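Sequence lines set the chain letters: A, B, ... in the order given, protein chains first and strands last, and positions in each chain run from 1. Since this is a predicted model, take the numbers as computed values, not measurements.
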2 protein chains.
Amino acid sequence: MALGKDYATQECSIARALEVVGERWTLLVIRDALYGVRRYNDFLVHLGIPRAVLAARLQALTAEGILEKRRYQESPPRDEYVLTDRGIALWPTLRSLGLWGREHFGESRLRYFRHAVCGTELGPYGECPVCALVVPVPDVEMTPGPGLDLDPADPVSRALLAPRRLLEPVDMDPQKPAGPDAPRKSPGAEAREPVGADAHKPVGA
Amino acid sequence: MALGKDYATQECSIARALEVVGERWTLLVIRDALYGVRRYNDFLVHLGIPRAVLAARLQALTAEGILEKRRYQESPPRDEYVLTDRGIALWPTLRSLGLWGREHFGESRLRYFRHAVCGTELGPYGECPVCALVVPVPDVEMTPGPGLDLDPADPVSRALLAPRRLLEPVDMDPQKPAGPDAPRKSPGAEAREPVGADAHKPVGA
DNA sequence: CAGCCAAGGTTCAATGACCGAACCGACCAG
DNA sequence: CTGGTCGGTTCGGTCATTGAACCTTGGCTG
């Protein structure tokens, strides 16, 4: 990767980790994947990342076992990129990085993360202070905070405004607001239920 | 910074944080600072970073309030770079990043981190499971693990082989202590920097 | 069937970051 | 006066990133 040569000489797990996720955009791609973004185009519009870089990152992350490329539709063959356990394991790192960013450079709360089961806001390590457990990633509920733009330009940001659980696939269908007309509908948008290794189990609480 | 333009459009604390510490080498500089490296030349030989890049990173980190440049000697004017509270606050992030790197890409333990007060190895969030508190950074003791090279080339790596607390300035004085003789200056008891260590917070409920 | 559209890439020139080596200035020791 | 150290800066070459254009597959429309 970009760092390989130099970082490889370091005897340090941090350097090892940075060889894998230390390049530009990489951690933001993983963040988006945690938020439920799965498709090339959604990453593209949400991140504003150059196409070539996105393709390179998705491929590298797949090769490292952080994302998994999965066919979700055959008719026009389409793949989505889903986090593996190895990728999900980066949640605490991203959580603490985001916390640091907010505490030292953020003006207002952008997002709240709560334990979906009890509604309690997460502690600094992603734990639920009330339930006294480290909240599993699929049980983390994300809701917008006061600092978040309520009418973002891109549809992915709009879809992410709704309260949602981490890893829950972002759904672009619900309606087409802010559109004077042109009610275009993606083909085959029906029945996009995740198959196998489902990470989001409905907790009836 | 390198990322500024694009990341700035993101409404996300993680992106904000990455604007500050997301460039190549930056997190490794902070890691070294946590390990006690303070001087330009020590960063240089320990990281193997190009001089120009190191100078740029030190300046940027100082401007962001993560490092503080401090005169430690007048005769030949010499400055050292010391972590501020804002920089020390990155310890949980680096801890979890290192943990992820070790669990998913490391073969053997390179370093142990313990609570210096009781000797217990730290949990995943830097907490001491026995004392049930988040260990303040200056109370974290770092010792080499079995995977670490016992005869590294550069003197900084050699100095870091000794058990030591985080933030304790690395001392290059004991030249080639091949024998059991260890005339170390009393560490830790020295007046420490203006950084106020975090309070001892009990870990989540 | 022609034409258009969308998703998911690839290619390419230009720009910017990074690299390694050389150079520089202050200071001190011999 | 000479050499050595520390903490940089300068500079040419290389590598990564960027933004725009182009391509491919396949469905949908008329």
Should A:Arg111 and A:Leu148 be marked as a side chain to side chain contact (heavy atoms under 4.5 Å, CB included) after you check the CA-CA gap, both sets of side-chain angles, and the distance that decides it?
-> CA-CA 7 Å; A:Arg111 282 179 238 275; A:Leu148 213 53; 3.8 Å; yes

Identify, between B:Ala52 and B:Glu80, the residue whose nearest nucleotide on DNA chain D lies closer to the 5' end.
-> B:Glu80

Rounded distance (Å) that lies between atom P of C:dG9 and atom CG of A:Leu54 = 8 Å

Would you please classify the geometry between the B:Tyr35 ring and the B:Phe113 ring as parallel, tilted or perpendicular, with 30° and 60° separating the classes?
-> tilted

To the nearest Å, give me how far apart CZ (A:Arg51) and P (C:dA13) are.
-> 19 Å

Choosing from D:dT17, C:dG9, D:dG7, which nucleotide comes nearest the side chain of A:Tyr40?
-> C:dG9

Between A:Ile49 (CD1) and D:dA20 (P), how many Å, whole number?
-> 15 Å

Answer with base, sugar-phosphate or nothing: what part of the nucleic acid does B:Tyr81 contact at a heavy-atom distance below 4.0 Å?
-> sugar-phosphate

Examine the base of D:dG7 for any acceptor or donor lying under 3.5 Å from a partner atom in the side chain of B:Arg39, and report the outcome as yes or no.
-> no

Check whether NZ of the Lys or CZ of the Arg B:Arg38 lies under 6.0 Å from the centre of the six-membered ring of B:Phe43 and within 45 degrees of that ring's axis.
-> no

In whole angstrom, give the distance that lies between atom CZ of A:Arg24 and atom C1' of C:dG16.
-> 10 Å

Take atom CG of A:Leu58 and atom C1' of C:dA7, then tell me their distance rounded to the nearest Å.
-> 13 Å

Among side-chain atoms of B:His46 and B:Asp154, is any donor-acceptor pair under 3.5 angstrom?
-> no

When rounded to whole Å, the CG to C1' distance for the pair A:Leu44 and D:dT18 reads 13 Å

Starting from P on C:dG8, measure out to CD on A:Gln73 and report it in whole angstrom.
-> 9 Å

A:Pro76 has its side chain closest, among D:dG27, C:dC19, C:dC28, to D:dG27

B:Arg39 side chain to B:Tyr72 side chain, donor-acceptor N/O pair below 3.5 angstrom = yes

Would you indicate, yes or no, if C:dA17 has its OP1 or OP2 atom less than 4.0 angstrom from a side-chain nitrogen or oxygen of B:Trp25?
-> no

Provide, to the nearest angstrom, the distance between the CD atom belonging to B:Glu23 and the C1' atom belonging to C:dC19.
-> 15 Å

B:Arg78 (side chain) and D:dG7 (base): donor-acceptor pair under 3.5 Å | no

Does B:Lys69 have a side-chain nitrogen or oxygen under 4.0 Å from the phosphate oxygens OP1 or OP2 of D:dG7?
-> no

